[in-house]
Amino acid sequence: MGETKFRKKMYKSGKFWVAAGMTALTVGVVNPQFISKLSKDVDAVFAAQTTSTQTIDTVTDADANGRYVVWNKTGINDNDAVAGKGTYNGTAWSAEFSSYADPSTQTYSKLTANGSNTIGYYYLTRQFDASQKFTIDGYFHPNLSGQDGKLPSNGNWSDWVGLVLTPTDPNKMATDYNMANGGGGLGIQGFGNAMALGLDFYQNSGDPAAGPFGALRSTNSSGALNSVPDALYTKGINMTNWSTTIKYQLTYWPTGGPSGGPYITASFTDNANSSNKWTVNTNTAGVTINPPKAFSVGVNAANGQKAADNFASIDNISGTFATGTTTVKYVDANGNAIKDPTTFVAAVGDVIGITNLSTQAKAGTADYAYAAPTIRGYKVSSANDVTVSQTAANNTITIKYTALPYQESIIQTDTPALWSNNSVITSYWSVDQDNPLGSGTSVANSIMDTSLVRSGYSYYVTDQKGSSYATMSSAAAAASVNAWDSTSNSAGVQSDAALKVGQLSMCQIIKGRTCTRVIIHT
């Protein structure tokens with residue numbers, strides 16, 4: 001029996017989201033996890049890059065259209081990833097995408113299997129600003145896929161399954177967790193000012209009760225787990241009467257809590273019996289919340305010596321992306337700066353590159369691609385992408401340039417008194433050896449014939465062969481004049497050693513008698 005899996009992809013235009021449908025058909029007996037993963041990989045191929053003609057040195061905010069998002073399962077599925085730590089059946093463990101759906105039809109992620117000393121995370125690849133309101137909901141399922149029952153008594157399941165808010169970069173949730181903290185560390189111990197809302201099945205040292213119990217846990221600025229006030233766990237509730245499918249909801253309020261600071265409201269609801277419900281409010285409990293500047297969001301599960309399957313989902317989320325500052329450097333082939341660095345802000349998780357240069361920008365998989373600025377005397381040669389993180393030191397785009405030979409035509413006169421005592425009237429340069437003088441910002445356009453008029457004087461233009469022209473523009477357009485010479489220049493040299501073939505001379509007649517020559521050197 002074939003399975004047709006439909007998944008919507010969120011295409012970006014700036015930060016406005018538009019849904020586009022895509023169907024993937026699989027035939028035969030296939031691992032559902034593989035089907036879901038294949039669908040996500042195919043989605044990634046069709047990610048839409050925002051490409052701008054704006055040069056990156058003029059960018060100050062890549063997300064100028066706004067960073068506030070409201071995602072349902074479609075937006076979440078297009079900004080998610082899995083990770084893990086530990087060993088299961090002899091191989092490194094990672095959480096897994098699955099096709100098993102929660103009561104809202106969002107697919108669960110399998111966070112742990114029945115292997116000890118493992119931890120799994122399903123997380124969003126964006127980070128959220130802790131100075132703004134944030135809301136999230138979904139389901140926990142500490143059971144086997146497709147099965148439901150009652151929450152097991154203390155020590156008869158794993159350690160933990162829950163929602164975590166950490167100060168780490170999103171893709172470092174798992175890698176930065178120290179497994180020496182075990183399942184009792186809940187996946188947040190060691191992260192300063194982290195928070196977790198979840199179900200605990202085993203009473204470790206410092207836990208307020210025997211499992212199963214629900215709690216809102218936190219760490220101090222040093223990453224140590226804080227003690228749990230009575231108001232922040234399910235004290236007096238026998239959760240063995242609850243089913244193994246539990247809806248969670250959390251709202252983070254940036255102000256209005258103790259001393260005007262942030263507070264959290266959250267709840268658990270038994271999917272099989274809505275009368276089984278627990279709510280928490282850190283404001284009414286008088287508990288001070290010390291959040292980081294920004295937090296990464298995910299669900300996780302931890303197995304210690306007790307090992308079992310755990311699933312969780314994220315159904316809805318709304319919040320404002322956190323930002324990171326990126327520095328752009330402009331260097332020559334030897335790494336020497338040829339332009340002052342510039343900076344811009346962008347959402348953490350944004351992939352930003354340089355059009356036609358950096359790998360992901362060329363592939364069309366970056367979030368934004370900007371043009372490299374033109375720097376006189378150089379040609380751009382390479383650049384890297386950056387995935388923006390909250391750590392500015394990690395956010396650097398380096399654009400490399402190769403120095404090019406260029407030629408410069410200098411129009412000068414041996415009668416400077418006619419031009420405010422300046423011997424040079426003007427100059428024109430080009431790194432393009434094939435660029436004719438008569439094109440673009442050329443001599444013909446930069447010196448208008450009217451600018452050569454002087455009272456009591458008349459003029460005409462001659463080339464190196466003695467041909468005469470009535471105007472500068474007609475001389476510059478002539479093939480014999482309008483050409484570079486064939487000599488090669490070294491990088492940084494502003495003029496050729498020899499005069500250009502097609503040297504342009506200009507004579508001015510003083511009252512019909514005196515001739516002053518104006519010569520273009522190249």
Side-chain angles (χ1 to χ4, degrees), residues 55 57-58 330 332 336-340 342 373-379 401-522:
T55 57
D57 58 328
T58 64
Y330 311 88
D332 63 15
N336 300 313
I338 56 176
K339 175 181 169 67
D340 289 341
T342 58
T374 298
I375 300 178
R376 177 174 174 169
Y378 294 88
K379 182 178 181 180
Y401 291 78
T402 302
L404 291 178
Y406 66 91
Q407 303 194 62
E408 187 166 17
S409 295
I410 303 171
I411 302 177
Q412 58 188 148
T413 177
D414 58 4
T415 311
L418 299 178
W419 278 273
S420 302
N421 293 319
N422 291 319
S423 60
V424 176
I425 300 173
T426 191
S427 64
Y428 166 67
W429 71 275
S430 176
V431 295
D432 184 351
Q433 303 299 297
D434 298 321
N435 186 28
L437 289 176
S439 68
T441 55
S442 66
V443 171
N445 291 328
S446 62
I447 299 184
M448 305 301 293
D449 288 284
T450 55
S451 69
L452 300 177
V453 175
R454 295 293 183 271
S455 177
Y457 291 76
S458 62
Y459 69 90
Y460 62 92
V461 182
T462 61
D463 64 18
Q464 76 282 1
K465 295 181 179 180
S467 300
S468 297
Y469 305 90
T471 62
M472 172 66 83
S473 57
S474 60
S480 61
V481 176
N482 194 1
W484 296 112
D485 67 17
S486 60
T487 61
S488 61
N489 296 337
S490 60
V493 175
Q494 295 188 5
S495 61
D496 284 340
L499 294 178
K500 172 178 65 69
V501 175
Q503 171 187 345
L504 178 64
S505 300
M506 185 177 75
C507 290
Q508 294 174 317
I509 307 301
I510 302 176
K511 295 183 179 180
R513 298 181 60 186
T514 304
C515 180
T516 300
R517 300 179 65 81
V518 181
I519 302 173
I520 297 178
H521 294 279
T522 59

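The figures here come from the full heavy-atom set of this structure, side chains too, leaving out hydrogens, waters and symmetry mates. Just so we're clear, the structure is a prediction, and the values are computed from it rather than from any experiment.
A tilted orientation is assigned to the rings of Y401 and Y330, their planes being inclined by 30° to 60°.
P373 and T55 make their closest contact through CA-CG2, 3.9 Å (heavy atoms, listed as atom of the first residue, atom of the second, distance).
By the neighbour-count criterion of 12 heavy atoms within 6.0 Å, atom CG of D340 is sparsely surrounded, having that number or fewer from other residues, nucleotides or ligands.
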